[in-house]
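One structure is given below, encoded as structure tokens.
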Protein chains: 2
Amino acid sequence: MKEQWIERIIEQAKDKYARTGVRLTTKRKRILKILLVSDIPLSAYEIADSYNNAFGESIPEMTVYRILNFFEQEHLSHKLSSTNKYVPCSHHSNSCTCEAPQFLICGKCQTAEEISISKAVMGELEKVALKAGYSLDESQLELKGLCNKCIGSEE
Amino acid sequence: MKEQWIERIIEQAKDKYARTGVRLTTKRKRILKILLVSDIPLSAYEIADSYNNAFGESIPEMTVYRILNFFEQEHLSHKLSSTNKYVPCSHHSNSCTCEAPQFLICGKCQTAEEISISKAVMGELEKVALKAGYSLDESQLELKGLCNKCIGSEE
DNA sequence: AAATGATATGTTATAACATATCATTTGGTT
DNA sequence: AACCAAATGATATGTTATAACATATCATTT
């Protein structure tokens, strides 16, 4: 069940941060939960609104941004630069480094799925770049399209 | 010479817009020129500053955005969503539709080069997407890395 | 228990990026 | 000249994000 799944992710995160000082506070847990239960990426403001609705308590924008930055450092969430919205990292393991997250974004229902593009395919992109005189870092990719559900429901 | 090259692009644009009503006004020409002479992508505010410096005349932000939107429609420029900056389209021909511009962005000197990724490679990305249940639209890609110049000058 | 230090959050202000709306001007057409 | 559409100006506002400084909270040491 979804609740348990979320709790497990939070537990994992807690373990991960059972190192010097870093705390997974109530606010951080709540915001992580908000990201996890949302079907779609949320803006910082939407997160703040959601926090308000869900917990009957308002949270300053500033704090939301700080927590999102914390999540980014800790690879708990990512920012989609094409939409200025935030998603939880889908790699709930200690091994994930998430240096170059890659997403499929549905232009209709706004869902964003984090995927892994194979080294082979990324290698192709790197080749293209090399030809043009660039050496690629790990680049976050945001690919736009339609998800199966939305393709099915097109008029 | 660069000046002539720019004039030619503007002439081409003018021809292209010799259709009902649409005008390539002085302001539009100047802003196109600013984009063309800049080595790096510019923000809307930087464009306004540049306009001021180059022509001793200030231009409202609003107008800059409007002109950028006009350029976008007309495929004369593109927006880089990862940096909120704007670049001239590098396809100076009437045939260009630029539905999915693709860029290499240098993380050091900020240059952005518009490239064409082959259908074969894009096809690979589409396959990855299909497996994950998405059908790709033409996606703008922004790949980060280092250009040859900057690789050479690394310490 | 009090002091200290580190981490987290609150508060306020402001920067940076962008759009809405309505008034006015401009330039081509009749 | 009169008209009309297109472009621009002017003003207000919305949205996204960071800076700067103060306070709270928690853990550790004294």
Side-chain angles (χ1 to χ4, degrees), chain A residues 10 13-14 16-35 40-52 55 57-74 76-87 110 142, chain B residues 10 13-35 40-52 55-74 76-87 110 142:
Chain A
I10 288 175
K14 217 184 286 178
K16 198 168 163 186
Y17 306 123
R19 47 164 229 231
T20 14
V22 177
R23 282 174 296 193
L24 196 58
T25 62
T26 302
K27 284 172 207 297
R28 285 172 177 178
K29 271 189 272 185
R30 286 175 167 179
I31 288 185
L32 184 54
K33 210 165 177 173
I34 286 169
L35 288 175
I40 56 172
L42 299 174
S43 75
Y45 278 67
E46 286 166 343
I47 291 168
D49 287 351
S50 180
Y51 191 100
N52 203 335
F55 305 107
E57 183 189 324
S58 80
I59 190 166
E61 266 317 306
M62 188 64 244
T63 300
V64 174
Y65 277 109
R66 276 196 285 229
I67 289 175
L68 289 170
N69 289 338
F70 167 79
F71 287 170
E72 190 80 45
Q73 277 169 35
E74 306 296 339
L76 284 170
S77 75
H78 304 292
K79 175 179 178 181
L80 301 179
S81 70
S82 61
T83 54
N84 296 322
K85 295 193 191 305
Y86 300 83
V87 290
Q110 315 309 320
E142 299 173 26
Chain B
I10 288 175
K14 215 184 287 178
D15 289 354
K16 198 168 163 186
Y17 306 123
R19 48 167 228 227
T20 14
V22 178
R23 284 175 300 199
L24 196 59
T25 62
T26 302
K27 285 174 207 295
R28 286 172 176 178
K29 271 190 272 186
R30 284 176 168 178
I31 288 185
L32 184 54
K33 209 165 177 174
I34 285 169
L35 288 175
I40 56 173
L42 299 174
S43 74
Y45 279 67
E46 287 166 343
I47 291 168
D49 288 350
S50 179
Y51 192 100
N52 203 334
F55 305 107
E57 182 187 326
S58 80
I59 189 166
E61 266 316 307
M62 187 63 242
T63 300
V64 174
Y65 279 109
R66 275 197 287 230
I67 288 174
L68 289 170
N69 288 338
F70 168 79
F71 286 170
E72 190 80 44
Q73 277 169 35
E74 306 296 340
L76 283 170
S77 74
H78 303 293
K79 175 179 178 179
L80 302 179
S81 70
S82 60
T83 54
N84 296 323
K85 294 192 191 305
Y86 300 83
V87 290
Q110 315 309 319
E142 299 173 27

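All values reported here derive from a predicted model rather than from experimental measurement.
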Whole-Å distance between [N] [atom2] and [X] [atom1]?
X	N	atom1	atom2	answer
B:Met62	C:dA20	CE	P	8 Å
A:Lys27	C:dT11	NZ	P	10 Å
B:Tyr45	D:dA17	OH	P	15 Å
A:Phe70	D:dT18	CZ	C1'	19 Å
A:Asn84	C:dC17	CG	C1'	9 Å
B:Glu61	D:dG14	CD	P	19 Å
B:Glu74	D:dA6	CD	P	13 Å
A:Phe71	C:dA8	CZ	P	11 Å

Report the nucleotide, chosen from [options], that has the shortest atom-to-atom distance to any side-chain atom of [X].
X	options	answer
A:Tyr65	C:dA18, D:dA17, C:dA8	D:dA17
B:Arg66	C:dG10, C:dT21, C:dA18	C:dT21
B:Arg28	D:dT8, D:dA20, D:dT16	D:dT8
A:Pro60	D:dA17, C:dG10, D:dT8	C:dG10

Across the strands shown, which category fits B:Lys79 at heavy-atom distances under 4.0 angstrom: base, sugar-phosphate, nothing?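 Sugar-phosphate contact only - B:Lys79 comes under 4.0 Å of backbone atoms but never of a base.
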
Do A:Lys79 and A:Glu142 sit within salt-bridge range, that is, some charged N less than 4.0 Å from a carboxylate O?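 So A:Lys79 does not pair with A:Glu142 through a salt bridge.
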
Quick check for you: to the nearest 0.5 Å, what is the distance between A:Ile40 atom CD1 and A:Leu42 atom CG?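 That separation rounds to 6.0 Å.
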
First locate atom CG of B:Asn69, then atom CD of B:Glu74, and finally report the distance between them rounded to the nearest 0.5 Å.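 That separation rounds to 11.5 Å.
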
Below the 4.0 Å mark, does [N] have OP1 or OP2 next to a side-chain nitrogen or oxygen of [X]?
X	N	answer
B:Tyr86	C:dA18	yes
A:Thr25	C:dT9	yes
B:Thr63	D:dG9	yes

Can you see which heavy atom on A:Leu35 is nearest to which on A:Ile47, and at what distance?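 Where A:Leu35 meets A:Ile47 most closely, the heavy atoms are CD2-CD1, 3.8 Å.
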
Pair assignment for C:dT19, Watson-Crick or G-U wobble, requiring both distances under 3.5 Å: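 Pairing partner: D:dA12.
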
Tell me whether A:Arg28 forms a cation-pi arrangement with A:Phe71, defined as NZ or CZ under 6.0 Å from the six-membered ring centre and within 45 degrees of its axis.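 No - A:Arg28 does not lie over the ring of A:Phe71 by the 6.0 Å and 45° rule.
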
